Amino acid sequence: MKLTLRIWRQSGPTGALVTYPLDDLSPDMSFLEMLDVLNESLVVRGEEPVAFDHDCREGICGMCGLMINGVAHGPEKATTACQLHLRHFSDGDTITVEPWRAKPFPVLRDLVVDRSALDRIVESGGYISVPTGSAPDAHATPVPKESADAAFTSAACIGCGACVAACPNGSAMLFTAAKATHLGSLPQGQPERWSRAQDMVQTHDDLGFGGCTNAGECTPACPKGIPLTTIAQLNRDLLRSHLR
Amino acid sequence: MQTLRLYRSTVGKKAVMAVTGVGMLLFVVGHMIGNLSVFSGPAAIDGYARWLREIGVVWPLRFGLLLCVGLHMVAAVQLARRARKARPQGYEHGRRPQSYAARTMRWGGVIITLFVVYHLLDLTAGVANPHGVQGEVYNNLVADFQLWYVVLAYTVAVLALGLHIRHGAWSALQSLGVTAPRGIALVVAGVICAGYLSVPAAVVLGVVS
Amino acid sequence: MYTEGTPIADTRAPGGPVENRWEQRRLNARLVNPANKRKLSVIVVGTGLAGASAAASLGELGYRVTSFCYQDSPRRAHSIAAQGGINAAKNYRNDGDSVRRLFQDTVKGGDFRSRESNVHRLAELSVRIIDQCVAQGVPFAREYGGLLDTRSFGGAQVSRTFYARGQTGQQLLLGAYQAMARQIAAGTVTSFPRTEMLDLVVHEGRARGVVVRDLVTGEVSAHTADAVVLATGGYGNVFHLSTNAKGCNTTAIWRAHRRGALFANPCFTQIHPTCIPISGDHQSKLTLMSESLRNDGRVWVPSRKDDPRPPNDIPEAERDYYLERMYPSFGNLVPRDIASRAAKNISDERKGVYLDFADAITRLGRDTVEARYGNLFEMYQRITGEDPYTAPMRIYPAVHYTMGGLWVDYDLRSTIPGLFVVGEANFSDHGANRLGASALMQGLADGYFVLPTTIGDYLADGPFGPCTPDVSEVRDRVAALLAVDGDRTAESFHRELGRLMWDECGMERDEAGLRKALDRIPELRAEFWRRIKVPGSGEALNQELEKAGRVADFLELAELMCVDALHRTESCGGHFRSESQTPDGEALRDDEAFGYVAAWEYTGGEPVLHKETLDFEHVRPSTRSYK
């Protein structure tokens with residue numbers, strides 16, 4: 001199949017979309033394999049290939065992240081860019097590929113952005129303080145299955161940043177809430193629950209992310225479908241922490 | 001200290017918007033119920049307005065509402081400015097549209113504010129009303145809705161309010177940490193639109209004259 | 001081809017009964033007092049399960065830790081992709097499990113090519129890992145009573161595998177990453193993401209630091225410390241196509257090998273039987289489908305080799321359920337190496353073999369099948385566009401894990417003092433074949449429990465004084481890659497090398513093929529340095545440059561793997577020499593001649609072989625049979 005790509009190229013402070021026509025593509029290729037093919041042809045021609053982040057290519061590491069036709073990770077629901085296959089496009093389509101856009105995610109080159117702000121949020125409280133060796137037996141505290149399942153739903157977050165990219169406010173609240181809700185749903189996470197909510201939200205705000213206004217754009221963009229109820233839970237935790 | 005820290009956070013600002021929004025929503029509901037007394041004739045609605053003044057709730061209510069509007073708007077403007085700063089460069093490709101109600105929250109808010117100003121001049125102060133007699137609520141509003149452009153402006157404003165509530169009521173619950181199905185907000189918005197629009201409709205159709 | 005040097009031995013494991021050795025070692029290991037820990041620094045390269053757990057635990061102890069990873073966040077290391085689970089001898093099921101049984105299963109599963117002391121310690125620590133992870137908030141699967149659920153895995157007859165849906169690796173890694181994040185916030189760990197180690201600094205006989213390249217700015221710099229820990233994973237990507245992440249590479253351990261660390265059993269690679277087949281030349285990686293699918297799926301091929309019909313049109317009588325036919329007692333649940341080899345012998349990599357759930361759907365109902373495997377079916381459908389509920393899945397083996405790695409002693413010390421190697425990067429615990437759900441266990445045992453004890457014994461002699469490393473060699477190499485300005489991409493060399501390794505040093509190896517590979521690899525390497533094309537500059541984010549450097553190292557490692565495979569004329573575990581098989585085609589071990597670890601020394605020319613003889617006091621070597 002044939003596709004025309006319009007890809008954001010940037011090596012300095014500004015960039016622009018550059019058009020690349022591609023031929024002989026297989027519908028079985030993943031979106032990133034198509035970029036591989038493009039890049040090999042660019043390298044042979046002596047041009048610089050398109051820089052893009054990727055690693056596991058099985059939808060779990062969270063490294064890839066592309067705005068494909070204005071949609072984070074492209075048109076398929078609950079699918080990362082690395083697992084998106086060309087069979088979901090039509091022969092002759094023109095596809096625009098852009099990096100995530102948010103002030104806390106500066107573009108490093110082409111489609112590569114710096115997402116270390118998300119690490120800062122976790123460092124501010126997204127953990128349970130349990131030094132190695134200090135843990136009691138795993139069965140010391142039974143955890144109701146519903147709590148464990150709820151925790152897992154939030155813990156499935158891969159930290160790709162699609163929620164930020166899709167949010168009209170540039171908010172990372174779904175990411176922040178996923179971590180806080182994961183830990184806050186478990187008995188082990190209770191002692192630090194209130195300070196965790198406060199510290200993570202504070203860091204989220206300080207980093208320059210926008211505020212959540214419940215636009216609801218993040219969940220549809222999330223490759224793991226983290227629900228909006230996680231944000232409600234964080235809101236509740238934060239309010240309770242202050243009003244206790 | 002805790003309260004200040006809460007207010008400074010984006011979550012805190014949303015909570016302020018939610019609480020003030022709920023306050024205004026309750027007023028809107030009460031106001032609507034009052035409006036519906038128009039169907040019981042001039043004496044009922046004029047009497048209702050008089051009763052409100054006599055029991056002395058008007059000024060505290062006005063003061064409370066003003067506070068709500070102020071806080072609601074300040075928080076909204078702060079969040080909007082934050083959002084703009086959080087994405088200095090937008091996307092070249094048009095983005096998938098959000099739900100219409102969510103997208104129009106900010107402009108919808110502005111339209112509602114402008115209408116409220118006119119509405120106060122019209123039916124509270126009476127200066128923008130064709131009849132314009134204090135205490136004659138029934139006659140004032142019948143006079144209003146004889147004019148097509150007043151009906152139009154009123155309808156647009158009510159629909160804007162409906163859209164605002166359609167997203168806002170659910171959003172307020174979400175901001176306060178209550179998870180509720182979005183359908184609730186749709187029902188509330190529908191009831192409010194129907195209630196408010198029934199009055200001009202009745203005037204235009206001659207049921208109330 | 002190689003010369004034989006002096007034998008080596010693990011001098012750190014105490015003698016005596018195997019179940020007392022770790023306690024003994026902990027007692028004998030020297031301690032560092034808390035005030036001195038602050039003066040001691042440790043570099044940890046890699047942030048997978050082993051690296052992140054090590055960095056977090058060492059930070060908690062009070063050492064000054066510097067952590068590096070090539071990804072943009074420590075949380076993305078490839079441990080995150082492990083699906084199945086983690087073994088632990090908790091015996092919560094009361095089904096007869098014990099530390100001793102896990103120890104025996106692992107030694108036997110490794111086909112008697114691992115060290116008893118190490119494996120026993122691993123089994124002992126397995127129980128504490130689960131405790132630690134649960135306390136960190138890892139959301140393991142639970143039963144309605146609130147207790148942990150377990151399942152069975154290949155090579156074991158007890159239910160000892162703890163899991164978090166199909167994302168156990170992700171959840172364990174997030175636990176370790178969060179523990180590390182806590183230490184970053186506390187200031188004991190400094191993290192350098194998007195930074196790649198390109199060389200090891202050895203000063204006065206001790207590993208004292210690393211030379212790294214900042215992948216964003218291209219700056220090459222040295223970091224020094226009192227000890228260096230490599231937790232950089234396996235080298236499965238030498239085959240180009242594997243279930244590893246695209247970035248996984250051998251550079252860190254290969255550079256350490258060139259600086260003097262011995263490389264043990266490089267030819268021991270594990271090929272996983274249930275992966276999604278290759279769909280075309282564009283293929284960039286292979287995706288694993290969890291081994292658990294073989295619990296209910298039946299594996300078959302058309303009896304007629306070139307049957308053109310779609311699978312559902314082939315009548316029952318014309319299907320060959322070859323695993324059930326060849327291994328009646330284990331059937332579809334034979335160990336990974338056996339299932340893989342059988343698939344290779346019977347089909348090719350584009351077609352694959354069928355993994356059929358039709359029987360299971362009839363027997364259990366679609367809902368039950370969906371509840372058990374729904375997410376895997378979804379993943380399969382996403383990648384292939386085929387619906388596994390209505391047509392059988394196509395599967396084919398793929399390179400998955402490397403048991404070989406840098407040689408370490410019981411303390412996880414390499415042959416360079418001060419260089420510790422943990423996780424998949426070392427060779428130690430899995431012998432010639434790793435059992436399912438044991439990789440996560442080993443990575444975390446090393447990082448959380450073993451290293452924090454044993455590194456103290458080494459650091460008790462520190463700090464080791466100043467050291468000013470020379471980074472010019474690394475700079476020159478980067479410049480050399482850019483200077484060739486040839487006409488072939490790094491990817492094309494990688495693809496060619498991978499094809500060669502898969503054909504000649506893959507699931508089945510023989511002398512002629514290995515010799516052919518040994519002829520071809522040096523030619524390919526020479527061609528690489530003549531024709532490689534790396535556009536752009538070294539002073540910026542340049543992903544072609546990163547890839548070229550990694551492929552250059554794979555081109556060196558591949559040769560050592562083939563030498564190792566050629567020298568080991570027996571078959572064992574993942575290493576199958578077609579010359580050494582039983583009359584019915586099973587692997588034939590030669591304990592007399594090859595009951596040793598092959599530890600290779602780098603010389604620049606022919607490598608030198610150092611043998612570490614393996615003694616089995618507790619588990620008697622026997623022939624594995626799954627008939």
Side-chain angles (χ1 to χ4, degrees), chain A residues 11 26 28-30 32-33 36-37 40 43-44 46-49 51 53-58 60-63 79 83 85 87 108-109 112 114-116 118-119 122-124 126-132 134-139 142-145 148 151-152 155-156 159 182-183 186 188-189, chain C residues 56-57 60 71-73 75-76 78 80-81 90 92 130-132 134-137 139-148 164-165 167 170-171 174 178-179 181-182 184-185 193 216 245-247 279-280 282-285 287 382-383 385 448 452 487 489 491-492 533 535-536 540-541 543-544:
Chain A
S11 56
S26 153
D28 288 328
M29 279 182 182
S30 72
L32 300 191
E33 284 168 350
D36 290 340
V37 168
E40 269 205 87
V43 172
V44 171
E47 293 175 39
E48 289 194 38
D53 266 333
H54 63 96
D55 203 24
C56 78
R57 298 211 176 189
E58 50 187 282
I60 192 75
C61 76
M63 189 111 173
T79 302
Q83 297 233 294
H85 285 70
R87 65 180 79 94
L108 298 176
R109 192 184 181 91
V112 177
D114 180 357
R115 285 169 291 195
S116 50
L118 299 182
D119 290 317
V122 173
E123 285 156 20
S124 69
Y127 46 74
I128 290 172
S129 298
V130 50
T132 303
S134 58
D137 183 85
H139 273 177
V143 179
K145 186 168 163 49
F152 187 93
H182 157 207
L183 301 174
L186 295 167
Q188 294 88 330
Chain C
S57 304
E60 286 163 5
Q71 296 89 346
D72 76 331
S73 162
R75 67 179 286 153
R76 307 206 197 280
H78 198 55
I80 202 143
K90 281 285 196 185
Y92 283 153
I130 301 299
D131 299 341
Q132 182 65 29
V134 165
Q136 285 171 343
F140 283 116
R142 300 215 172 230
E143 294 178 331
Y144 283 99
L147 301 179
L148 293 165
R165 293 194 202 163
Q167 284 138 269
Q170 180 200 25
Q171 295 309 318
L174 290 180
Q178 285 162 206
R182 187 168 80 96
I184 292 173
V216 177
K246 282 297 279 177
S279 70
H282 55 266
Q283 193 88 25
S284 63
K285 83 149 287 163
T287 305
R382 202 174 295 139
I383 293 172
Y448 280 134
D487 59 354
T489 61
E491 188 70 19
S492 79
K533 171 84 182 177
L541 194 155
Q543 293 173 328
E544 276 303 302

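Chain letters run A, B, ... following the sequence lines, proteins first and then strands; every chain starts at 1. Predicted, not measured: the structure shown is a model, and the values here were computed from it.
Once rounded to the nearest 0.5 Å, the distance linking SG of Cys61(A) with NZ of Lys246(C) reads 13.0 Å. Rounded to the nearest 0.5 Å, atoms CD (Gln83(A)) and CD1 (Ile383(C)) are 4.5 Å apart. Note that the CZ atom of Arg115(A) and the CG atom of Asp72(C) stand 4.5 Å from one another [nearest 0.5 Å].
Asp119(A) approaches Ser73(C) most closely through the heavy-atom pair OD1-OG, 2.8 Å. The minimum heavy-atom distance linking Asp131(C) with Ala138(A) is given by the pair OD1-N, 2.8 Å. The two residues Arg87(A) and Arg382(C) make their nearest non-hydrogen contact at NH1-O, 3.0 Å. The minimum heavy-atom distance linking Leu147(C) with Pro142(A) is given by the pair CD2-CB, 4.3 Å. Contact record, Ala135(C) with Ala135(A): CB-CB, 3.6 Å, taken as the closest heavy-atom pair. Shown here for Gln132(C) and Val130(A), the closest heavy-atom pair between the two residues is NE2-O, 3.1 Å.
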Should Val43(A) and Glu491(C) be marked as a side-chain contact (heavy atoms from CB on, under 4.5 Å) after you check the CA-CA gap, both sets of side-chain angles, and the distance that decides it?
CA-CA 10 Å; Val43(A) 172; Glu491(C) 188 70 19; over 6 Å; no
Carefully, step by step, assess Lys533(C) and Val44(A) under the rule side-chain contact (heavy atoms from CB on, under 4.5 Å).
CA-CA 7 Å; Lys533(C) 171 84 182 177; Val44(A) 171; over 6 Å; no
Output, in order, the C-alpha distance, side-chain angles, deciding distance and verdict of side-chain contact (heavy atoms from CB on, under 4.5 Å) for Gln178(C) and Leu183(A).
CA-CA 11 Å; Gln178(C) 285 162 206; Leu183(A) 301 174; 3.9 Å; yes
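Proximity to chain A (any heavy atom under 4.5 Å) is shown, for Gln136(C), by both the backbone and the side chain. Of the atoms belonging to Ile130(C), heavy atoms from both backbone and side chain fall under 4.5 Å from chain A. Using a 4.5 Å cut-off between heavy atoms, Ala141(C) makes no contact with chain A at all. The part of His78(C) that comes within reach of chain A is its side chain, from C-beta onward, which places non-hydrogen atoms under 4.5 angstrom from that chain. Heavy atoms of Ser11(A) lying under 4.5 Å from chain C are absent altogether. Contact of Asp36(A) with chain C is made through the side chain alone, with heavy-atom distances under 4.5 Å. Heavy-atom distances place the side chain of His54(A), and not its backbone, under 4.5 Å from chain C. For chain C, the nearby parts of Arg57(A) are the backbone and the side chain; heavy atoms of each come within less than 4.5 Å. In this structure, the portion of Tyr92(C) lying under 4.5 Å from any heavy atom of chain A is its side chain and not its backbone. For a residue to count as touching a neighbouring chain, one of its non-hydrogen atoms must lie under 4.5 Å from one of that chain's; by this rule Ile184(C) touches chain A with the side chain only. For Gln71(C), the parts lying under 4.5 angstrom from a heavy atom of chain A are both the backbone and the side chain.
Not a single donor-acceptor pair under 3.5 Å links the side chain of Glu40(A) to the backbone N or O of Thr489(C). In terms of modelled atom types and a separation under 3.5 Å, the side chain of Arg76(C) and the main chain of Gly159(A) share a donor-acceptor contact. Listed for the Asp55(A) side chain is no donor-acceptor partner under 3.5 Å among the backbone atoms of Ala245(C). No side-chain donor-acceptor contact under 3.5 Å links His182(A) to the backbone of Pro139(C). With hydrogens and angles disregarded, a donor-acceptor distance shorter than 3.5 Å links the side chain of Glu60(C) to the backbone of Thr132(A).
Heavy-atom pairs under 4.5 Å with chain A peak, among Gln283(C), Lys90(C), Gln167(C), Arg165(C), at Arg165(C). Heavy-atom pairs under 4.5 Å with chain C were tallied for Ser129(A), Ser26(A), Ser124(A); the largest tally goes to Ser129(A). By number of non-hydrogen pairs under 4.5 angstrom with chain C, the leading residue of Pro131(A), Ser30(A), Ala151(A) is Pro131(A). Residue with the most contacts toward chain C among Val122(A), Leu118(A), Asp28(A): Val122(A) (heavy-atom pairs, distance under 4.5 Å). Options Ala185(C), Gly280(C), Gly385(C) differ in how many heavy-atom pairs under 4.5 Å they form with chain A, and the most are formed by Gly385(C). In terms of heavy-atom pairs under 4.5 angstrom with chain C, the leader among Val143(A), Val37(A), Leu32(A), Ile128(A) is Val143(A). Ranked by non-hydrogen atom pairs under 4.5 Å with chain C, the options Asp114(A), Asp53(A), Val112(A), Leu186(A) are led by Asp53(A). No other option in Pro49(A), Ser134(A), Gly189(A), Ser116(A) has as many heavy-atom pairs under 4.5 Å with chain C as Pro49(A).
A donor-acceptor contact closer than 3.5 angstrom links the side chains of Ser284(C) and Glu33(A).
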